[in-house]
Amino acid sequence: MMQRGIARTTRRALSGSSSSSSSSSRHHQRPRFVSSSEAAQKVERESDLPRMPPFDYSPPPYSGPSAAEILAKRQQYLSPSMHCFYQKPLNVVEGKMQYLFDDTGRRYLDGFGGIATVSCGHCHPDVVAAIVDQTRRIQHSTILYLNPAIANFAEALASKLPGDLNVVFFTNSGTEANELAMMIARLYTGSHDIISLRNAYHGNAAGTMGATASSSWKFNVIQSGIHHALNPDPYRGVFGSDGEKYAKDVQDLINFGTCGNVAGFMSESIQGVGGIIELAPGYLPAAYSSIRKAGGLCIADEVQAGFARTGSHFWSFESQGVVPDIVTMAKAIGNGIPLGAVVTTPKIAEVLTRRNYFNTFGGNPVCTAAGLAVLNVIEKDKLQENAHVVGSHLKNRLTSLMAKYEIIGDVRGQGLMLGVELVSDRKLKTPASAETLHVMDQMKEMGVLIGKGGYYGNVFRITPPLCITKEDADFLVDAMDHTLSKM
């Protein structure tokens, strides 16, 4: 019944119908949802709106097709599975550092970063220069020939990882990277069973869909050899923040769900699609211990949380004091260029020599040139430090909103990978999914773009480019504060 009620409320939100509430508190009331056009008119009338920080750039006039024309083409020629955010989809035509511009020239603060993908900033000049320079010389050949771009980037990437993690396989995406990591683990160990976490997202191909543990992302196809352990979720989990108690479920799965030997364990250190869930402290050391005793390899999925996004560390697994056997990465690795990678040890990497493993575009010169530029920019522009300083400030300000608005149930995350969960009842933690859509739409009207995630779609995902400033962070929070105050 609760799910059907949420669905009905969500439909009302999308259609612009109003919603009532028995609460007498202004901040606790369920919102009256209005159409995008009404919201835009209201925004223009109000004089107390937060002000976006100044930015010394204006895009040239746009002369391309309208948003309506693009939407019509999408509906006719693209898969119907592709959907857009917002009641009135945004036509993004240009990006510059932490900002995006629509077809009217209006500027938006990008608080989503293309799903944690834009690390250095949109069209960062150093990354653009590397891409253009390499494209002018040679865009593609094959890794069967020598080229400095792939070798130079592999060397630089290996230098960022601990221990013997220094052999790199390049792919085109995070899904491909995770598929390859799972295959390597199975080949190396001779076992088939892999353990991942409930609420995890690792990709949408055959193997990774199995490792993904949310019905929203799983089709009814054969997915074998995967076991899903209790999610060590400090907010909704049964053991709160006791990571070692959750980790006992991994041992139970080994004892009662397998032959006693496993191929591996795959996990994000902060679940991205799942709603910015930080794993309970102490979880990974205990889980890794059980997996290694069972002969398995430990795979760290850094597709969303890697490349300095968490601020305190370059890789998110480092916050739990572990060293994986395999690390997968994508998204921020290329600042938007299609690129992914698997990094492991020389001993484990040998398994792929038993047969031919080949990826036509993995290690493409243009992509790897971009990847090397990204690493250089992160260091040159001190983006890890910025992610820590600005991210801490942003998290503190978001946390302060909890004292004002009962609808905020939790604020979590690290650095510039933050989540804000909305609930209609703090005690019951009832997901406020429709309200989440409403707030996103209103913030967009004020010039702030954020994402959403979590099983119930009630968590704001805040993953901006790592070059965001404190002033930008304040603007984002002020826009959220203003929207919540009108509900």
Side-chain angles (χ1 to χ4, degrees), residues 116 161-163 165 178 181-182 185 193-202 208 211-214 226-258 262-306 309-329 395 410-415 417-419 421 429 453-455 459 461:
L161 286 142
L165 292 165
N178 284 335
M182 292 170 66
D193 292 285
I194 287 177
I195 297 174
S196 66
L197 297 178
R198 295 178 188 175
N199 198 55
Y201 180 86
H202 295 293
T208 50
T212 293
S214 173
I226 302 291
H227 308 267
H228 298 119
L230 283 175
N231 192 32
D233 179 352
Y235 181 61
R236 291 185 177 273
V238 293
F239 299 124
S241 296
D242 193 331
E244 292 187 8
K245 284 186 178 179
Y246 290 106
K248 290 180 180 178
D249 189 52
V250 173
Q251 187 62 56
D252 285 344
L253 285 174
I254 294 170
N255 293 343
F256 303 109
T258 76
V262 297
F265 171 80
M266 175 181 282
S267 74
E268 307 158 90
S269 297
I270 300 179
Q271 294 176 338
V273 174
I276 315 297
I277 305 296
E278 296 181 79
L279 306 190
Y283 177 77
L284 285 184
Y288 275 24
S289 177
S290 291
I291 292 297
R292 285 170 171 155
K293 287 176 183 177
L297 300 182
C298 299
I299 305 168
D301 179 340
E302 293 285 318
V303 170
Q304 293 198 31
R309 179 158 292 282
T310 58
S312 58
H313 301 85
F314 198 85
W315 307 107
S316 65
F317 65 77
E318 294 177 296
S319 66
Q320 293 237 349
V322 296
V323 177
D325 302 296
I326 303 174
V327 181
T328 62
M329 57 197 75
K395 186 176 182 180
D410 193 31
V411 174
R412 52 184 178 254
Q414 299 174 28
M417 188 169 185
L418 302 175
E421 180 156 357
K429 300 178 182 176
Y455 180 76
V459 181
R461 293 167 65 189

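Computed from a prediction, not measured in an experiment: that's the story for all the values here.
I277 CD1 to R198 CZ: the interatomic distance, rounded to the nearest 0.5 Å, is 14.5 Å. Annotation: the span from Q271 atom CD to Q304 atom CD amounts to 10.5 Å, rounded to 0.5 Å. Rounding to the nearest 0.5 Å gives a distance of 4.5 Å between OG of S319 and CD of Q414. Residue Y235 holds its OH atom at 14.0 Å from CD of E278, rounded to the nearest 0.5 Å. Once rounded to the nearest 0.5 Å, the distance linking CD of E268 with CD of E302 reads 9.5 Å. Between the CZ atom in R309 and the CD1 atom in I270 there is a gap of 10.5 Å [rounded to 0.5 Å].
The nearest pair of heavy atoms linking I299 to A185 is CD1-CB, 4.2 Å. The shortest heavy-atom contact between H228 and A213 is CD2-CB, 3.4 Å. For the pair S241 and P281, the tightest heavy-atom approach, listed with the atom from each and the gap, is O-CD, 3.6 Å. Of all heavy-atom pairs spanning L279 and S267, the tightest one is CD1-OG, 4.4 Å. Taking both residues in full, the closest heavy atoms of A211 and A200 are given as O-CB, 4.3 Å, listed atom of the first, atom of the second, then distance. Taking both residues in full, the closest heavy atoms of F317 and L161 are given as CZ-CD2, 4.4 Å, listed atom of the first, atom of the second, then distance.
Between the side chains of N199 and D233, no donor-acceptor pair of N or O atoms lies under 3.5 Å. Side-chain atoms of N178 and T328 include a donor-acceptor pair closer than 3.5 Å.
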Next on the checklist: E421 vs K429, test: salt bridge (charged side-chain N to carboxylate O under 4.0 Å, His left out). Steps then yes/no.
Outcome noted: CA-CA 9 Å; E421 180 156 357; K429 300 178 182 176; over 6 Å; no
Next on the checklist: side-chain contact (heavy atoms from CB on, under 4.5 Å) for S196 and I226? Distances and angles first, verdict last.
Outcome noted: CA-CA 7 Å; S196 66; I226 302 291; 4.0 Å; yes
Checklist entry - Checking side-chain contact (heavy atoms from CB on, under 4.5 Å) for the pair V323/Y288: CA distance, chi angles, key distance, verdict? => result CA-CA 9 Å; V323 177; Y288 275 24; over 6 Å; no
Checklist entry - Can W315 and M329 be said to form a side-chain contact (heavy atoms from CB on, under 4.5 Å), step by step? => result CA-CA 10 Å; W315 307 107; M329 57 197 75; 3.7 Å; yes
Checklist entry - Step by step, would you call T208 with M182 a side-chain contact (heavy atoms from CB on, under 4.5 Å)? => result CA-CA 8 Å; T208 50; M182 292 170 66; 4.2 Å; yes
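Not counting sequence neighbours, the partners of D325 by the side-chain hydrogen bond (donor to acceptor under 3.5 Å, both in side chains) test are R292. By the salt bridge (Lys or Arg N to Asp or Glu O under 4.0 Å) test, D410 pairs with R412, sequence neighbours left out. In terms of the side chain to side chain contact (heavy atoms under 4.5 Å, CB included) criterion, residue partners of A229 (sequence neighbours excluded) are, by chain and number, I195, L197, D249, V250, L253, Y283.
Judged purely by atom type and a 3.5 angstrom limit, Y246 uses its side chain to pair as donor or acceptor with the backbone of F239. Under the 3.5 Å distance criterion, the side-chain polar atoms of S316 are left unmatched by any main-chain donor or acceptor of G306. Under a 3.5 Å cut-off, the side chain of E318 and the backbone N or O of P162 do not form any donor-acceptor pair.
Contact annotation: the side chain of D301 never approaches that of V327 to less than 4.5 Å [non-hydrogen atoms, C-beta and beyond]. At a threshold of 4.5 Å between non-hydrogen side-chain atoms, the residues I254 and S290 count as touching.
Counting non-hydrogen atoms of other residues, nucleotides and ligands closer than 6.0 Å to CD of E244 gives a total of 12 or fewer.
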